[in-house]
Structures are given as C-alpha cells and as structure tokens.
Amino acid sequence: MANPSRLHIPRPTARPGDEPDFSYLDLSPAGSIDRPSVGARTRDLEFLSAGLVRVLDDDHEAKGPWNPDLDPEKLQIALRWMMLNRVFDQRMWQIQRQGRISFYMEAFGEEAVSIAQGMALRSGDMCFPSYRNQGLYLYRGMNLVDMMCQCLSNTRDMCKGRQLPIMYHFKSGNVFSISGNLATQYPHAVGWAMASAIKGEDHIAASWLGDGSTAEADFHHALTFAAVYQAPVILNVVNNQWAISTFQGTAGGERRPFAARGLGLGIPGIRVDGNDLLAVYAVTVWAADRARRGGGPTLIEHVTYRAGAHSTSDDPSKYRPKDEHLAWPLGDPIDRLKEHLIKEGHWSEKKHAKLEEELKAEVMAAWKEAQQYGTMTEGPWLDPSTMFDDVYADPPQRLESQRRRMLEIHQQNGNGDHS
Amino acid sequence: MANPSRLHIPRPTARPGDEPDFSYLDLSPAGSIDRPSVGARTRDLEFLSAGLVRVLDDDHEAKGPWNPDLDPEKLQIALRWMMLNRVFDQRMWQIQRQGRISFYMEAFGEEAVSIAQGMALRSGDMCFPSYRNQGLYLYRGMNLVDMMCQCLSNTRDMCKGRQLPIMYHFKSGNVFSISGNLATQYPHAVGWAMASAIKGEDHIAASWLGDGSTAEADFHHALTFAAVYQAPVILNVVNNQWAISTFQGTAGGERRPFAARGLGLGIPGIRVDGNDLLAVYAVTVWAADRARRGGGPTLIEHVTYRAGAHSTSDDPSKYRPKDEHLAWPLGDPIDRLKEHLIKEGHWSEKKHAKLEEELKAEVMAAWKEAQQYGTMTEGPWLDPSTMFDDVYADPPQRLESQRRRMLEIHQQNGNGDHS
Amino acid sequence: MAQMNMIEAIRSAMDVVMDKDPNVVVLGEDVGYFGGVFRCTDGLQRKYGEHRVIDAPIAEGGIIGAAIGMGLNGLRPVAEIQFADYIYPGFDQIVSELAKIRYRSCGEFFSPVTIRTPCGGGIRGGQTHSQSPEGIFTHVSGIKTVMPSNPYDAKGLLIAAIESDDPVVFFEPKRIYNGPFDGDPEKPAVPWTSHPKGEVPEGYYTVPIGEAEVVQQGSEISIVTYGTLVHVATAAAEKMGIDAEVIDVRSLSPLDVTTLADSVKKTGRCLIAHEATRFGGYGAELAATLQKSCFYHLEAPIARVAGWDTPYPHAFEWQYFPGLKRMVAGIERVLETTA
Amino acid sequence: MAQMNMIEAIRSAMDVVMDKDPNVVVLGEDVGYFGGVFRCTDGLQRKYGEHRVIDAPIAEGGIIGAAIGMGLNGLRPVAEIQFADYIYPGFDQIVSELAKIRYRSCGEFFSPVTIRTPCGGGIRGGQTHSQSPEGIFTHVSGIKTVMPSNPYDAKGLLIAAIESDDPVVFFEPKRIYNGPFDGDPEKPAVPWTSHPKGEVPEGYYTVPIGEAEVVQQGSEISIVTYGTLVHVATAAAEKMGIDAEVIDVRSLSPLDVTTLADSVKKTGRCLIAHEATRFGGYGAELAATLQKSCFYHLEAPIARVAGWDTPYPHAFEWQYFPGLKRMVAGIERVLETTA
Ligand SMILES: Cc1ncc(C[n+]2csc(CCOP(=O)(O)OP(=O)(O)O)c2C)c(N)n1
Ligand SMILES: Cc1ncc(C[n+]2csc(CCOP(=O)(O)OP(=O)(O)O)c2C)c(N)n1
Ligand SMILES: [Mg+2]
Ligand SMILES: [Mg+2]
C-alpha cells in the first residue's frame with residue numbers, strides 16, 4: 001500500500017551525496033533595493049522584507065542607496081575584527097580537538113553579522129547575543145585571554161568554571177551573558193529596551209538568534225511586546241540555513257523570508273545579505289536610528305550560511321553535502337570585504353597575509369598566557385567551593401553547609417581527585 | 001519633572017464616561033472583497049487579511065462574491081441556533097446571578113462565529129473551541145440538559161463535578177474539552193490535523209481563541225507547525241475587541257489586523273465581519289475546502305464585539321463605556337440575519353417573537369429537568385469519591401488509599417458537611 | 001495602625017516601594033487601568049502613571065521575560081501572574097533565566113524580579129483557578145519562594161521581596177484575601193479586622209524572608225504549615241483543646257530549619273500541612289528535613305495532611321481542601337501513635 | 001539475546017512498537033533524517049518514513065502541544081526533547097493539558113504521549129545539558145515519571161510507556177547511555193557488554209511501570225536510588241564491603257512503596273540518592289514516605305545524598321555529582337548512627 005499521508009514534509013534541496021543547490025534563495029542584485037527614510041510609514045517598508053539589501057556586488061564594488069560610504073580605515077578595522085574572529089575560532093576549535101577544552105562553537109562564515117552590528121551600534125546600546133556572536137564580545141573589547149580563560153574554566157575564568165565554553169558575559173561592554181537555552185534572550189532585549197524608554201534614555205537594545213530558534217515561544221513574546229510598546233530594539237534573525245541537522249524550512253522558512261515574521265504585528269523587516277559587511281552595517285544604522293527616534297522595533301534577517309559544523313559535537317557531513325558552503329552564492333564575508341578593499345586600492349594580498357599572521361600570533365600569545373591560569377588537565381585550578389557563590393545575593397544557610405560538606409569530602413585528596 | 005518616558009502605551013479610544021469611538025476600525029463595504037479560488041497562490045491571497053469580507057450590507061441584502069447563497073430554510077435554522085445560544089446564555093447568566101451555579105460566560109454578540117462555522121464544517125471535522133464557543137456544542141447536537149448539568153456539577157454532569165461551568169466536552173460530536181488555560185487548544189488542533197494528514201484522511205481541524213490570547217506562546221507554536229507541515233486546519237481569532245479589561249491593542253492589534261499574523265509564515269489570513277453569519281459561513285467553507293485539498297492552514301480573524309461582560313465575575317463598566325456595544329458598527333448577528341430573512345420575505349417579526357418564546361420554553365424545560373439531577377445546594381449529589389477516577393487510565397495505588405481516606409473522613413456526616 | 005485585608009496590604013506594599021523607589025514598576029494582565037482582577041493594583045496606575053503600572057499582553061512567558069530584561073536595565077519589576085495556575089507558560093523564563101543569570105555571570109548580571117501570583121482553592125474556581133504549585137519552585141536553585149498567611153506578613157514580606165536583589169516567587173493564598181479562614185465554608189465569612197494580623201502599618205516596614213513564625217506555642221505537637229492552612233491548623237488545635245505549637249513557614253525557600261526543628265524537638269511530634277497535592281509536594285521536603293534533624297526526639301512518624309493527588313475538582317473542593325476534619329484527623333493520628 | 005547499550009535499547013524499543021503499531025509516530029528536534037543528537041532514532045526515518053519520524057521545529061512547547069493533538073486523533077506519539085534542560089518551554093502543555101485531559105473529560109479524551117528526554121550530568125555539558133528535573137514532574141498528578149538505569153529496563157519500560165494510555169515522561173540518564181558508570185570518571189569507560197543488563201532481547205517485551213527492582217539484596221542498609229546512581233550505589237557498597245540492599249526505583253510515579261518499605265523495614269537504615277538538586281527534590285518524597293511507613297523499624301534517620309542546591313557547574317561536575325565518595329560518606333553516616 002502506498003503511503004496515504006498528505007503531510008507536507010519540508011526537505012532541503014540537497015543531502016549528502018547530492019550537488020549543493022541554492023536555487024531556492026531569492027537574491028536581489030546589489031544596490032537594487034530602495035532605502036526609505038526612517039520616518040516612513042511601516043506599510044511603506046514592507047518591500048524591505050522581501051528583497052535582499054546588498055551593497056557589495058559580484059565585482060566587489062559598493063553600490064546603491066544603502067552604501068554606508070565608510071572610510072577605508074574603518075573598513076580595514078572591520079576586516080581586522082572579522083579576521084580575528086575567524087582566527088580565534090579556528091584556534092579554539094583546534095584546541096577543543098586536542099581535548100583541551102570540552103566544547104566549542106564557531107561563527108565561520110557569519111562573522112560580518114557581529115562585527116558590522118558591533119560597529120553600527122553605540123557603546124551604550126545593550127546586546128543580547130546568541131552563542132554565535134563571539135564577534136560582539138571581541139569588537140566590544142573583551143580580551144582574548146579572558147575569552148580563552150572562560151573556555152578553559154580556569155582560575156581567571158569570568159564564569160568561575162560554572163559555564164560551558166563560549167558562554168561569555170561582559171557587563172562593562174554591555175554584552176549580556178549567553179544562555180544555553182535558545183531564544184530566551186530575545187524578550188530580555190525587549191524588556192531592557194522598554195526600561196530604556198521608560199527611563200527616557202536613548203539607548204537601544206539588540207538581540208540575535210538563529211533561523212531555527214524563531215520557532216520558540218520567546219521569539220513570539222519578544223515580537224509581541226516589542227510591537228505593543230514600540231520598544232527601541234533591533235531583533236536579528238541570523239538565518240544561516242541550518243539548525244543543527246534541520247534546514248531553515250523546518251523552522252517555517254519555505255514560504256516567506258524570516259524578515260516577514262513581524263509584519264503581521266506591524267514590525268518592519270529587512271532582509272539583508274549577511275555576508276556583506278557594508279549592507280549589514282547600513283541596515284543596522286538605519287534600524288538603530290529609527291529605534292532611537294521612537295520608531296519602534298525592526299526585525300533584521302541576515303541571510304548567511306553556517307560554513308562550519310554546528311559545534312564541536314556535530315558532524316554536518318551526515319546531513320548535508322560535504323562542501324555545500326563552497327557553493328553558497330553569497331560568498332565569504334571576509335573574502336568579500338578584502339576584495340572590495342583591494343579593488344578600491346586600500347588593501348593588498350600581502351597586507352592581508354601579514355595581518356593574518358599577526359592575528360594568529362596574537363591569538364597564539366593569548367593562548368600561551370591563558371594556559372598559565374590553568375587548563376582542564378593541569379593546575380592551577382579554581383577553588384571548587386566557589387561553586388556555591390552567586391546562586392543568591394543573599395544565600396540560604398543550606399548552601400553554606402553544603403559548601404562545608406563538599407570541602408570535607410573533596411579536599412581529602414586534593415582537587416585532581418574525582419571520585 | 002515631566003515624565004520622560006517614551007514607552008508607547010496602547011490606549012482604547014474610549015474609557016468609562018467617554019463616547020464610544022470605533023473610528024479605528026477599517027470597514028469595507030459588503031460585497032467589495034474579491035473571492036479568489038482556493039487554489040490561488042498564497043501571495044495572491046494577502047489582500048484578504050486587510051479588507052473585511054462582508055456579505056450582508058446595511059440594508060440587510062446579501063451581496064458580492066462571498067454570498068454563499070444558502071437556502072432560506074438553512075438560514076432559518078442558523079437563526080434558530082444563534083437565538084438558542086443567546087437564550088441559553090441569558091438563562092444561565094440569570095441562574096448564576098441567583099447563586100445556583102458558580103460561574104458563567106456568555107457569547108453575547110458573537111453567536112454567528114460558532115453557528116456559522118458549525119454549519120460550514122463537516123461533522124467529521126474536529127473542533128478545538130474556546131470558552132465562548134458554546135454555540136459549537138449546541139450546533140453539533142449536545143443536549144441542553146447535558147450542558148446545564150455540567151454547569152450544575154450535578155449527578156448527570158459529563159465532567160463529574162470536576163470542571164468549572166462551561167468547560168464542556170463532546171467526543172461523539174467531535175468537539176474537544178474546553179481548557180481554562182488560554183490558547184493551549186491551538187497546537188492540539190494542529191497536531192490533530194497533522195495526524196489526519198498522516199493517516200491520509202480528509203478530516204480537518206479548527207480551533208478558536210480570542211484577540212488577547214494571540215499573545216500566548218501556543219498561538220505561535222500552532223502557526224509555526226501548521227505552516228511547516230501545511231496542516232489541514234482553520235485557525236480562528238475571535239477579535240471581540242476586549243480581553244477582560246484590555247483592548248485589542250494591548251495584544252498588538254493597533255497596527256495590523258490579527259488576520260495578518262500568519263502572513264510571515266505564508267499562512268493566508270481572512271478578515272471577516274464576525275457578526276455576519278453569511279460571511280463567516282462563506283469564508284469557512286472556503287478555508288475548509290482549501291485545507292481539504294491540501295492547501296494548508298488558513299487564519300480567520302472574526303471582527304466582532306464582546307457585547308456582554310467577560311464573565312459573571314466581571315464588571316465592564318469599570319473599564320469601557322457602559323453602552324459601548326450599542327455603538328458597535330457591525331451590529332448584532334441575530335438582528336442582522338433576522339432582518340435579512342424578513343427582507344427576503346422568509347421571516348417575520350411575529351415568527352421571530354414566537355420562535356424566541358419557544359426557545360425560552362425549551363430552555364426553561366431543560367432547566368427544570370436539569371435541576372432534578374441535582375443543584376449546588378440541593379441533592380442528589382455526585383459521589384465525591386469519583387474525584388479519584390480518570391486521573392490515570394491505570395491509577396497508582398496511592399489514589400485508592402486516598403479515596404478510602406477521603407470517604408472515612410467525609411462520609412461521617414454525609415455530603416452536605418463541608419468542614 | 002490601619003486595618004487592612006490582604007489585598008489592601010499587598011497594594012500598600014507596592015505603593016510604599018513605588019513611592020520610595022522610582023525604579024519599581026508593576027506589570028501584568030489587567031493590572032493597569034482596571035487594577036487587577038483581584039484589585040491588588042487598584043489605583044496604582046492613576047498614582048504612578050501608565051509607564052510604571054503596565055497592562056501587559058496575555059503571555060505569562062513574555063511578562064516574565066520582559067520583566068527580566070527590565071530588571072537587567074536597573075528597574076525592579078513586580079510581575080503579576082493572574083492565577084498561579086497560569087504561571088507555567090513562564091516557567092522556562094523563571095527556571096532557565098531568572099534563577100540562573102546571577103550564577104552564570106558570577107554576579108555581573110542579575111534581575112531582581114518579584115512575581116506575585118494568587119494561589120490555592122476554596123473559591124469554587126475549579127482546577128484552573130485553585131492550584132498551589134509552590135513545590136515546583138522550591139526545587140529550583142536561585143529563586144526564593146514565599147507565601148504569607150496574613151495581611152501584616154503579606155505587606156512586610158512583599159516589600160522585602162521587591163527590595164531583594166534575588167528573584168522571589170510570591171504566592172498569595174486567595175482564599176484568605178478578605179479574611180482568615182478556618183476551613184469551614186459554612187461558617188459566616190470573617191474579616192481581617194477580627195484578626196490581630198489585620199493591623200498593618202501604613203508606611204514602610206519589612207518582614208525578613210527566611211524566617212518562620214511560631215504562631216502559637218505549644219507542647220504536644222508541632223503543626224508546620226503555611227498559607228491558608230495556618231488558620232485551619234489553629235482552629236483544629238482549638239477545637240481539639242490541645243496544646244499545639246503552630247508554625248507558619250512563610251518563607252519556603254530559604255527555609256528556617258532551626259525554628260522548625262527546635263519546635264519538633266520540643267514536642268516530639270509533627271504534622272505537616274499544605275493545600276498542594278501531596279505526592280512530591282513541598283511537605284515532603286519538610287518531612288525529609290525534620291525526620292533527619294529531629295530523629296532522636298520523634299515519638300511518632302511525621303505525618304502530612306495535603307491536597308489529594310488529583311486536580312482540584314470544582315464540585316468537591318471541600319472534599320479536596322484539607323479542612324478542619326482532615327486536620328483534626330491528622331493531628332489525632334500523630335498524637336495517638338506511641339513510640 | 002543481543003548485547004545493546006542504552007541508546008540501542010531505546011532505539012530498539014521504538015523500532016519494535018513502530019513495527020507493531022502503525023499509529024506510533026516519533027517527533028522531535030533532529031530526530032528524523034539525522035537520527036537524533038544522541039542517535040536514539042537513527043535509522044527509524046529510513047525504515048518508517050518521513051511521516052512517522054518527523055523532524056520538528058525547535059519549539060518544545062509546540063512539539064508537545066502538537067503531539068497531544070496527534071494523540072487525540074488516535075496516534076501514539078513519542079516526542080523527544082533533546083535535553084531535559086529544554087523541557088521547560090513545554091511545561092505548560094505537559095502540566096495543564098497532557099496531564100489533565102483525561103480527568104477533565106472523564107476519560108472521553110486522552111492523549112497517550114510519551115516524552116523521552118536525556119537527563120543528568122557527567123558529560124561536561126554544563127548547567128544547560130546536565131539537569132535532572134524529574135522532581136517537578138513527580139508532583140504533577142496525571143503523568144507517570146520513569147527513569148531506567150540499564151538497557152534491559154530502558155527498552156522494556158519504554159515499550160510499556162509507549163503502549164500505556166497514560167502520558168509518561170521518560171528520563172534517560174545520558175551518562176550511562178554507553179556503559180554503566182560507578183561514579184569515578186578517571187577509570188576507563190566500561191561498556192554495557194560487561195553488565196548483565198546489557199543483554200537485551202531483540203523483540204517485544206515490557207517491564208511494567210510501577211515496580212521497583214531490588215538490584216542487590218542486603219541486610220545492613222537500604223540504598224534507594226535510580227538512574228546513574230544505581231551503579232554508584234552498588235560500587236560504593238562493594239568498595240565498603242558491606243551487605244547493602246540496593247533498590248532501583250525505576251518508576252518514580254507511580255511509586256512502588258511496598259518494595260521500598262519492605263526493604264527499609266528489614267534493614268532498619270535507609271540512604272536515598274539522586275543526582276538532582278537536593279532541596280525539594282524527589283528524594284524528599286521518598287524520605288517522607290519511608291519515615292512514615294517504616295518509623296518503628298528505623299535505627300537511624302533517613303539520609304539523602306544528592307546534587308548540591310546550585311546549578312550544575314561545568315568545571316566542578318565531579319564535585320557536584322554525588323559520586324563514590326559522597327555515596328560512601330552517606331552510607332557511613334547512616335550506618336554509624338545508633339538509634
Ligand atoms: C530550548 C532549547 N532547545 C533545544 C536546544 C538544542 N539546540 C542547541 S543549538 C540548536 C539549533 C539552533 O539552530 P539556530 O537557531 O538556527 O541557530 P544556529 O545554531 O544555526 O546559529 C538546538 C536545537 C537548546 N539549546 N535550547
Ligand atoms: C494562560 C492563561 N492566562 C490568563 C488567563 C486569565 N484569563 C481568562 S480569559 C482572559 C482574557 C482572554 O481574552 P481573549 O483571548 O480576547 O478572549 P475573550 O475573553 O475576549 O473571548 C484572561 C486573561 C487564563 N485563563 N489563562
Ligand atoms: Mg541556524
Ligand atoms: Mg477578546
């Protein structure tokens with residue numbers, strides 16, 4: 001008997017063994033999308049959710065009304081941060097593979113999102129990132145050694161060994177603490193932005209999550225509250241086409257772009273080429289300006305591609321063509337900015353290679369330093385009794401008794417003893 | 001110091017003491033909205049979410065492409081059911097006011113939704129109602145006495161005294177059990193519809209919730225799953241302008257109609273005059289047909305008005321103009337169908353008055369009968385030990401011990417003893 | 001001093017802290033213009049404005065999620081969940097975020113949200129307006145759980161909760177909003193004016209979180225309870241004419257083990273009572289802790305009187321509610337047992 | 001008989017019932033094409049098709065809500081929640097709906113959903129991949145809560161759960177997916193082939209829900225535990241050379257009080273152990289129940305060994321995990337106490 005089922009099952013265009021096929025993507029040529037004024041009526045902004053805002057064209061030229069006309073120096077700085085993000089990720093990935101940290105997640109192919117948006121926002125604006133926004137921490141000035149120490153859970157770990165690697169937090173840089181639970185930071189950003197409006201301040205908030213995470217309740221809560229109170233917030237959906245093994249269609253991306261998700265609430269959406277630093281920068285400046293002027297929330301969909309594995313626990317060759325990322329039509333964000341700068345005469349292959357070496361050395365030096373504060377296998381170790389701190393501001397007595405009991409039991413044979 | 005807050009606070013157009021003001025409502029003239037084929041592409045259906053599908057015009061004539069051309073007999077039947085719904089509600093409300101049931105909720109002003117949709121769906125289609133859809137139970141054949149006995153928690157109560165009044169269930173009529181928790185039934189409808197598709201059956205599901213309830217997570221879950229799997233389901237938002245004391249703007253209705261909420265997922269929305277039985281019937285037939293042919297979900301927003309209090313615990317004069325409902329521009333669903341039938345020569349004031357008397361008598365007779373099965377204050381009473389049944393199909397032993405213990409303690413002085 | 005019922009006391013608590021600290025904001029369903037379905041926020045929006053007393057969309061998860069974000073930006077949000085039965089859609093934000101932000105950021109970030117929610121039955125609310133879910137919150141590290149049993153404590157504890165930098169889930173036993181209740185619904189309702197704890201200062205004061213109260217001293221048995229059942233317990237003891245020590249736990253987490261254990265060591269007998277479902281309820285923690293710390297003093301096993309392990313049935317709420325008879329029977333069992 | 005690890009046993013359970021009953025469907029995040037992040041559903045989609053093994057959007061509330069609807073339409077859904085730490089967004093659908101549909105409709109409607117979810121720590125997963133939230137489910141009337149400790153039970157209990165008309169939350173201690181674990185992470189990993197319960201029939205069988213198992217008989221102390229800690233308990237007893245009775249609770253609700261109480265009455269001493277946070281955890285219910293039913297037999301207070309009342313810290317998981325030393329210390333305390 002044939003299967004009588006009429007259930008629609010979303011299927012990616014290619015699975016392992018198939019040719020990569022990105023024909024499903026709607027692409028607009030660079031420079032082809034209008035740039036409305038931030039004061040435009042919401043209904044006149046709808047077209048932004050359907051097209052794809054792009055500035056850099058296939059010949060690496062910057063085009064059209066969204067071109068932010070950034071100084072070459074600024075672009076070189078942007079390039080540097082994206083490269084640092086990648087070099088850092090590559091090194092940490094290797095370190096995990098060597099068994100020296102327990103876990104890692106890279107932003108490979110998506111670096112433009114964090115760096116461009118980091119640049120476009122003001123330092124007083126508050127960021128509520130996902131685990132693929134390490135670039136934001138970097139850009140906002142978090143020290144490489146600090147980031148590594150977090151991943152090492154060592155004596156200088158800002159998380160005091162409590163958190164999985166990559167779950168940074170950076171209060172003085174206005175970047176929130178990363179949660180292992182998807183999407184939960186989205187309503188926090190909206191609440192933060194509401195508080196900013198209540199206080200009459202002009203700081204805005206921004207948050208990031210993945211295509212897959214849009215299915216979570218918190219996505220809906222955040223959009224609803226943002227729309228109702230016209231909160232000054234930028235809600236980013238980083239559509240990197242995959243959520244572990246499921247493609248963006250499983251999250252409902254088959255029919256309309258994610259940028260359209262807020263339209264029904266009157267939240268304008270912008271679909272942007274997430275691998276084009278200039279375009280991401282430009283739309284973010286636009287949305288931030290709009291929010292600051294009381295125009296309310298904007299949803300930005302970054303069309304990008306998760307070029308690497310989901311995490312060090314993942315093997316994407318099990319569920320998508322091995323080299324799918326090479327066929328990604330929007331290229332690589334670092335390559336594209338580099339080629340643009342070269343084309344404009346502000347950069348060269350040689351400078352690029354040199355910078356890359358410098359960054360590698362910087363990362364290597366940081367790694368050397370970080371290890372001095374301890375590794376998983378070698379001391380010095382954090383004092384385990386700190387694990388009872390910060391559960392509460394004003395802790396119940398039982399935590400003190402438990403701390404004592406823990407020390408009694410575990411300090412008999414020192415820290416290395418695990419039984 | 002002036003309040004520096006820039007937070008947008010949605011405000012209804014009128015509060016107690018103000019003149020009712022419905023100028024915020026976008027109304028289209030009857031007959032003015034196109035009726036696309038059910039096979040039309042989703043993007044070509046978008047206009048349905050912005051306009052207002054209406055069939056009955058101000059002169060009570062049926063107009064335009066959505067006119068379902070129902071036989072006068074069918075319309076008389078529809079009228080009868082709406083009237084029964086209202087008469088039933090009025091009586092039960094009174095009964096609550098006399099302290100004979102603990103709670104009640106009426107559908108006053110919204111009767112067309114349940115009756116028109118009851119008529120438009122097939123009996124094999126499964127309904128997942130909200131607490132204002134008593135009309136569905138009535139239309140699908142649930143006995144008045146049974147409904148009253150539920151409200152009385154008496155010996156014939158289908159809920160065996162376990163549920164608040166109005167929380168009916170009707171398995172043989174394919175109407176699900178009402179939950180006190182808002183919106184939870186929405187994903188059930190989608191899951192039910194998915195199962196129907198998986199099994200290759202052509203039954204569809206339908207669910208209902210209020211404007212206020214759209215903010216809940218389950219609304220989002222239901223829309224997402226319905227869109228991803230193209231589930232054969234009709235998702236109804238009954239926008240009666242109020243959610244207890246908050247108006248539909250507090251749920252995000254200020255900028256775009258609720259009918260537009262699914263557009264970002266590719267779910268077409270239809271905004272319909274919820275007080276026009278012909279229009280509601282017509283859009284439901286259309287959406288059901290579309291679902292049955294594999295076209296997937298449709299969201300229907302019923303623009304209506306909660307003419308009564310939220311529940312017997314509520315006093316709307318505290319938060320909205322006292323006679324706001326008289327100013328409601330879409331009139332009363334019963335009046336409008338009645339006038340239409342009269343205009344067409346198929347009904348008369350006299351027949352109407354007579355029918356109303358008959359229905360009142362029917363309800364009165366049912367009430368007399370229902371009371372014989374017990375009331376809150378007078379026996380016979382349900383056996384309280386039944387409260388331990390149906391917690392599980394296969395109950396743990398502790399429930400048996402608890403049942404015995406309860407009987408030991410409470411049967412000493414019989415049932416009336418409460419201490 | 002003023003006479004207040006619990007609703008007035010709770011309102012007064014919010015009023016006092018809102019007046020004192022401009023960062024205190026209130027949000028929830030129907031709390032603004034209307035003043036809340038139980039009227040706990042009545043008048044606050046008129047007094048403090050729409051930007052500090054905010055009508056929220058009907059999304060408990062969104063309310064708590066947004067409140068957390070506000071708290072991260074320096075406000076002190078007081079979120080009302082209309083009924084404790086409707087707190088579950090916000091459960092993830094409470095457990096995964098609110099409770100853990102301070103810990104995971106080593107104190108850099110925290111959000112001092114207070115969640116107020118009416119709980120308990122006895123108002124013919126059926127199973128979706130009667131639940132007592134405190135036991136699923138006490139198991140969560142990083143939040144505090146409080147349930148007052150009278151207006152004085154309600155105000156003092158709520159002020160302490162709002163001012164606390166730790167998140168607090170604050171349960172309000174709605175059956176005693178308007179008056180103490182001894183478990184017999186047939187008796188005429190008694191107002192708080194008849195009760196010493198209905199005397200409530202108008203101004204600022206706190207009742208510290210983390211301290212149980214010995215409501216009445218006694219030597220024969222310790223009845224350890226909280227919320228509505230405090231009043232049932234005292235009534236039962238009075239009815240039986242026994243010399244019972246009645247303890248109002250008040251702060252479920254942190255728990256004041258010392259006060260409880262001292263009492264049980266003294267009396268040698270202990271009955272634990274709550275309205276929530278018995279199996280896996282908070283009473284289990286009380287029993288587990290007290291049997292441990294008072295083992296050598298116990299003359300009888302610790303017993304529990306609690307809601308049955310079923311949903312709260314509309315028509316049988318007085319068979320479900322652990323009222324006077326069940327309390328008396330429970331006390332009798334504990335007293336009769338000889339070690 | 002075949003050798004299976006817990007992953008294979010769980011997969012085999014689904015395979016066997018899917019083969020037997022076309023109404024059994026599986027849904028969850030990454031469970032379809034990929035076969036699940038822990039590979040528990042590997043191969044099932046290839047065998048039973050995309051319409052019976054369904055990749056779901058990342059929305060635990062939606063997964064459970066949709067599963068309930070499927071169950072109402074005659075299917076038997078098995079929903080996977082990728083980590084127990086992510087079950088909270090589905091909590092409302094579990095507590096307010098799944099657990100109550102049968103009750104509120106007097107049996108007319110019910111939805112026989114099984115929710116599978118990996119729990120527990122010991123895999124360096126940090127606080128969002130290590131939680132043991134069983135104690136918040138055991139408090140909920142209307143659902144059953146199960147946690148197997150070995151492949152044989154996992155398969156038999158999972159088949160029983162899927163076939164049960166009651167909803168079941170099925171916790172899988174992920175630390176022992178690949179082999180039993182005595183609590184010492186320094187020792188080389190041991191595969192299930194070395195354990196008698198790694199022998200698992202290929203075909204259909206059930207282990208009834210509601211029965212505890214006496215894992216080893218003994219006279220000196222009863223160690224009442226479940227999940228990973230069953231193995232730690234037996235290792236501790238062996239290391240100490242004592243004659244301990246070790247009981248695997250397996251079915252947390254319904255609870256097999258008789259088996260537990262018989263044991264405690266026999267030994268007169270009881271240690272309860274679980275990985276979950278101690279305060280308000282499931283162990284409290286065990287202690288409360290057993291001190292009541294075994295009061296006159298107890299020679300020492302019932303003690304608990306459990307996770308500390310903090311989130312599960314990444315770097316200190318072996319200080320958090322109640323391993324061999326804590327178990328030994330717990331046993332010693334119970335044995336040393338003289339009544
Ligand atoms: C609430 C919750 N459910 C499930 C997971 C497990 N999980 C971690 S990442 C992930 C995929 C997320 O995909 P997407 O949102 O697209 O982000 P991306 O990884 O592609 O950046 C899943 C399912 C989780 N961390 N939290
Ligand atoms: C989860 C949940 N939260 C809150 C409530 C309390 N409540 C009952 S009805 C209601 C208003 C619902 O408004 P709407 O959805 O517009 O439906 P209407 O009553 O207008 O038909 C509220 C807040 C509830 N029942 N369930
Ligand atoms: Mg993704
Ligand atoms: Mg409404």
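Labels below follow one simple rule: chain letters A, B, ... track the order of the sequence lines, proteins then strands, and each chain is numbered from 1.
No other option in D:Val328, D:Ile54, D:Val232, D:Ile58 has as many heavy-atom pairs under 4.5 Å with chain A as D:Ile58. Note: A:Ile244 leads A:Leu182, A:Val391, A:Ile244 in heavy-atom pairs under 4.5 Å with chain D. Contact count versus chain D (heavy atoms, under 4.5 Å) is highest, among A:Arg403, A:Gln402, A:Arg162, for A:Gln402. Options D:Asp182, D:Ile123, D:Val37, D:Asp309 differ in how many heavy-atom pairs under 4.5 Å they form with chain A, and the most are formed by D:Asp309. Here A:Pro165 is the residue among A:Pro165, A:Gly210, A:Gly252 with the most heavy-atom pairs under 4.5 Å with chain D. Of the listed residues A:Gly249, A:Ser245, A:Pro396, the one with more heavy-atom pairs under 4.5 angstrom with chain D than any other is A:Ser245. Ranked by heavy-atom pairs under 4.5 Å with chain A, the first of D:Gly126, D:Ala56, D:Ala59 is D:Ala59.
Contacts of D:Glu317 with chain A are absent, with no heavy-atom separation under 4.5 Å from either backbone or side chain. Contacts between D:Arg278 and chain A at a heavy-atom distance below 4.5 Å involve the side chain alone, from C-beta outward. Interface residue A:Ala243: backbone and side-chain heavy atoms are both found under 4.5 Å from chain D. For A:Ser179, no part sits under 4.5 Å from any heavy atom of chain D, backbone or side chain. Proximity to chain D (any heavy atom under 4.5 Å) is shown, for A:Pro16, by both the backbone and the side chain.
Interface with chain A: from residues 81-92 of chain D, residues D:Gln82, D:Asp85, D:Tyr86, D:Pro89 qualify, criterion being any non-hydrogen pair under 4.5 Å.
In this structure, A:Tyr319 has its ring center no closer than 6.0 Å to that of D:Tyr33.
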Using the side-chain contact (heavy atoms from CB on, under 4.5 Å) rule, take D:His51 and A:Ile9 through it: C-alpha gap first, then chi angles, then the decisive distance, then the call. CA-CA 8 Å; D:His51 305 90; A:Ile9 302 287; 3.8 Å; yes
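Separation of atoms CD1 (A:Ile409) and CZ (D:Arg326) is listed at 6.0 Å; rounding is to 0.5 Å. Remark: A:Ser5 OG to D:Glu50 CD distance equals 9.5 Å, nearest 0.5 Å. Between the CG atom of A:Asp390 and the OG1 atom of D:Thr310 there is a distance of 11.0 Å, given to the nearest 0.5 Å. Distance check, rounded to the nearest 0.5 Å: CZ of A:Arg320 to CZ of D:Phe34 gives 11.5 Å. Here the CE atom belonging to A:Met167 is positioned 9.5 Å from the NE2 atom belonging to D:His314, to the nearest 0.5 angstrom. Atom-to-atom distance recorded for A:Thr250:OG1 and D:Asp30:CG is 9.0 Å, nearest 0.5 angstrom.
D:Glu29 places none of its side-chain heavy atoms less than 4.5 Å from the side chain of A:Thr246.
In this structure, A:Gln98 places its CD atom where more than 12 heavy-atom neighbours from other residues, nucleotides or ligands lie under 6.0 Å away. The neighbour count for D:Arg46 CZ, taken as heavy atoms of other residues, nucleotides or ligands under 6.0 Å away, does not exceed 12.
In this structure a side-chain-to-backbone donor-acceptor pair under 3.5 Å is missing from D:Gln319 to A:His410.
The heavy-atom pair separating D:Tyr320 from A:Met387 by the smallest distance is N-CE, 4.0 Å. The shortest heavy-atom contact between D:Phe316 and A:Thr386 is CE1-OG1, 4.1 Å.
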